[in-house]
Amino acid sequence: MVTTIDDLVARAREGVHRPGPDEALEAQRAGALLVDIRPAAQRAAEGEIPGTLIIERNVLEWRLDPTGSHRIPEATGHDLEVVVVCSEGYASSLAAASLRELGLHRATDLDGGFVAWAAAGLPTRQGGHEESREGGREEGPREG
């Protein structure tokens, strides 16, 4: 049987609580790491959430694996609460599932993504802001 992308997303979300915008904001205020995985062009077009850590999708696992040699300082352990943000909440579901496979058992994603956050009237700013916290400028290890 062939697996569809809808099947993958459904599996990624199975049994996982996905916070909405207000709950994600409260989690951020309580110390959760909000991680925006959208590419720079998309952030520039749509905007950003103040205080998020920018880690583009292609290096996410390398930056957040607490046991990895390419981790960022914020990757302090497997108990880290991570809320992954994409545009509408689909790619982030897959990314959060991948982080859970690495042992980050509290990884989840923002239900509805940045679009839902902005629609809820929560704080946003123009994308590409110079104060963005970037955690993924370097590439992960290359395959040989």
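To the nearest 0.5 Å, atoms CG (Asn58) and CD1 (Ile55) are separated by 11.0 Å. Between the SG atom of Cys86 and the CD atom of Gln42 there is a distance of 7.5 Å, given to the nearest 0.5 Å.
Of all non-hydrogen atoms in Gln28 and Thr52, the two that sit nearest each other are NE2-N, 3.9 Å. Nearest heavy atoms, Glu46 versus Ser87: OE2-OG, 2.8 Å. Across all non-hydrogen atoms, the minimal contact from Ala12 to Ala97 is CB-CB, 3.7 Å.
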Q.
Show, in sequence, the C-alpha distance, side-chain angles and deciding distance for His78 and Thr67, and conclude whether the side chain to side chain contact (heavy atoms under 4.5 Å, CB included) test is met.
A. CA-CA 9 Å; His78 288 98; Thr67 65; 3.7 Å; yes
| query | Does the pair Arg29 and Glu26 meet the rule for a salt bridge (Lys or Arg N to Asp or Glu O under 4.0 Å), with working shown? | reply | CA-CA 5 Å; Arg29 289 178 175 160; Glu26 289 305 313; 3.2 Å; yes
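Contact check for Glu61 versus Leu102: side-chain heavy atoms found under the 4.5 Å cut-off. Using a 4.5 Å heavy-atom cutoff, the side chains of Trp117 and Leu34 are in contact. Contact of the Glu56 side chain with the Arg43 side chain is registered, since non-hydrogen atoms from C-beta on lie closer than 4.5 Å. Counting heavy atoms from C-beta on, the side chains of Val83 and Pro19 come closer than 4.5 Å.
Under the rule for a side-chain hydrogen bond (donor to acceptor under 3.5 Å, both in side chains), Glu88 has no partner lying at least two apart in sequence or in another chain. When the side-chain hydrogen bond (donor to acceptor under 3.5 Å, both in side chains) test is applied to Asp36, the partners found at least two apart in sequence or on another chain are Arg38. Judged as a side-chain contact (heavy atoms from CB on, under 4.5 Å), and not counting sequence neighbours, the contacts of Ala27 are Ala32, Glu81.
A donor-acceptor pair under 3.5 Å links the side-chain atoms of Ser93 to the main chain of Gly89, judged by distance alone. Distance alone, capped at 3.5 Å, is enough to place a donor-acceptor pair between the Thr108 side chain and the His17 backbone. Using a distance-only test at 3.5 Å, with no hydrogens or angles considered, no donor-acceptor pair links the side chain of Arg63 to the main chain of Ile72.
Under the 4.5 Å side-chain contact rule for hydrophobic residues, Leu94 and Trp62 do not share a cluster. Linking ILVMFWY side-chain heavy atoms closer than 4.5 Å, directly or via other members, places Phe114 and Leu25 in a single hydrophobic cluster. Following chains of ILVMFWY side-chain contacts shorter than 4.5 Å, one cannot reach Val115 starting from Val84, and the two form parts of different hydrophobic clusters.
Checking each of Ile37, Val35, Ile49 against Val85 for a side-chain contact (heavy atoms from CB on, under 4.5 Å) leaves exactly one that passes, namely Ile49. Residue Pro66 is tested with Leu80, Asp79, Leu104 for a side-chain contact (heavy atoms from CB on, under 4.5 Å); the sole match is Leu104.
A salt bridge links Arg18 to Asp109: one of the charged nitrogens lies within less than 4.0 Å of a carboxylate oxygen.
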